[in-house]
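Protein chains get the first letters and strands the later ones, always in sequence-line order, with residue 1 at the start of each. The figures that follow rest on heavy atoms only: side chains count, while hydrogens, waters and symmetry mates do not.
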Number of protein chains: 2
Amino acid sequence: MTDKKQGQIRIKSQEKILLAAQDEFISNGYKGATVQSIADLAGLPKANVLYYFKNKENIYHAVLERTLDMWDQGIGDIVYEDGPKVAIEKFVSAKVKMSFHHPKASKIYAMEIIQGAQHLKEFARTYLRKWVRDKSKIFQRWIDEGRMINIEPINLIFLIWSSTQHYADFETQILTIMNRADYEEDDVEQVTDFLTQFILRGLEIQ
Amino acid sequence: MTDKKQGQIRIKSQEKILLAAQDEFISNGYKGATVQSIADLAGLPKANVLYYFKNKENIYHAVLERTLDMWDQGIGDIVYEDGPKVAIEKFVSAKVKMSFHHPKASKIYAMEIIQGAQHLKEFARTYLRKWVRDKSKIFQRWIDEGRMINIEPINLIFLIWSSTQHYADFETQILTIMNRADYEEDDVEQVTDFLTQFILRGLEIQ
DNA sequence: GTCTATACGCGGATAGAC
DNA sequence: GTCTATCCGCGTATAGAC
């Protein structure tokens, strides 16, 4: 075997482990998850999993890190130059896409927060707080310019986050209520349109 | 000791156990929770906890049941006779109050759904599905009468659920972002007003 | 690098003393 | 009814064979 091939196996195995771990952590939480289950789901011996990641804590950190990376990339951005209408259309659309295409990332994140954000306190205190502050300022500028109704920007941010993430986190409940097995590709557009239009009306934009 | 006093102890102990269990299940999930932790939090020996509830599964069921009861009571109702404006004001107000005053109930419920609703599939399939169907019909009637804008009622229901519950489930994140230790009583009113007004505008009611 | 075998502790549950 | 002592299995992690 060449080094290249071994490196390939390493990468492939780590990838399989992280995907398996994501499922296991969602199903059973950090403490309830077992390395054995992760190994079984990944189709590898338990010892290999621990060889690659040393211990359970490290696996979880790796899963969380990928989740945050995804948030960072997929989220798009809110910039002043877009104006309120386009900015909100872009942002809501990106968030809804994320929820439907990567519900597991959203679920891992939600569980971590509900359980007290033990592993994400620092992320919230620094990155997230700054993000909210920055975007609030942009919304406030638009409010001052009379381009949207006068609301607390932070309430708006929470409303957008919650109403979009709901389709990922509460997927099981939504599908059960609607008596369906899976989301369809059409759902993304339907929800995006509903939320975008609803929010724009709520802000009296156009 | 009289029977009465013993009954009192029984009730008090069960109450302490259920409150402790709620915290433990939120922090560590069903599988990660330990009977020993619940006992410690309740200030009772582990054997007593198992004496009252037989096993961990039963404790969890009891906690879930209380959560659903609370949902049932606290949620208020949406009735045709109120008309869309009053109905939404009442409903949003009740949901926000619940989120701020009983965040733990909301968190237990959210975790259960995120993890796949193993213990609540039946509740969703029967009770919840019917609830959504009934309320959708009421909204549809108001739509047909031109008293609110034409949207999919189910999207509206999900938006109200998610935007109100967010303040309970994501409490930790919200407080961290806002750099505060706890919610204040004023927050309930502020959030209620924001969400109510926003949603009424989104539906073009008034 | 990969896997088997095992040490060691924790957790659920019960038996039985008080 | 209440609590102590204990059983037994599972889970993490590692030692060491291959």
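Side chain of B/Y51, nearest nucleotide from D/dT2, D/dA13, C/dA13: D/dT2. Of all nucleotides listed (C/dT14, D/dA13, C/dG1), D/dA13 comes nearest to the side chain of A/K56. Nearest nucleotide to the A/V35 side chain, out of C/dT2, D/dT12, D/dG1: D/dT12.
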Got a list of protein N/O to nucleotides 4-10 of chain D N/O distances below 3.5 Å?
none

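Nucleotide C/dC10 holds its C1' atom 14 Å from the CG atom of B/N28, rounded to whole Å. As a whole-Å value, the separation of A/N58 CG from D/dT14 C1' is 15 Å. As rounded to whole Å, 17 Å separates atom P of D/dG16 from atom CG of A/L50. Between the P atom of D/dG11 and the CD atom of B/Q36 lies a distance of 19 Å, rounded to the nearest Å. Between the P atom of C/dC3 and the CG atom of A/D40 lies a distance of 13 Å, rounded to the nearest Å. Taking atom CZ of residue A/F53 and atom P of nucleotide C/dG1, one finds them 13 Å apart after rounding to whole Å. The CD1 atom of B/I11 sits 11 Å away from the P atom of D/dG1 (whole-angstrom rounding). Remark: C1' of C/dA13 and OH of B/Y52 are 18 Å apart, rounded to the nearest angstrom.
By the 4.0 Å N-to-carboxylate-O rule, A/K12 lies too far from A/E15 to be salt-bridged with it. Ion pairing between a basic and an acidic side chain is recognised when a charged N comes within 4.0 Å of a carboxylate O; A/D40 and A/K46 show no such pairing. With salt bridges taken as basic N to acidic carboxylate O contacts below 4.0 Å, one links A/R180 and A/D187.
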N/O donor-acceptor pairs under 3.5 Å from side chains in residues 136-143 of chain B, not counting sequence neighbours:
unit_1 : atom_1 : unit_2 : atom_2 : d
B/S136 : OG     : B/V132 : O      : 2.7
B/Q140 : NE2    : B/D144 : OD1    : 3.1

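In this structure, B/L203 and B/L156 have side chains that are in contact, with non-hydrogen atoms separated by less than 4.5 Å.
Between B/F25 and B/Y30, the ring-plane angle classifies as parallel under the 30° and 60° cut-offs.
Within 4.0 Å (heavy atoms only), A/A33 reaches sugar-phosphate atoms of the nucleic acid but no base atom.
In the displayed structure, B/K31 atom NZ is contacted under 6.0 Å by more than 12 heavy atoms of other residues, nucleotides or ligands.
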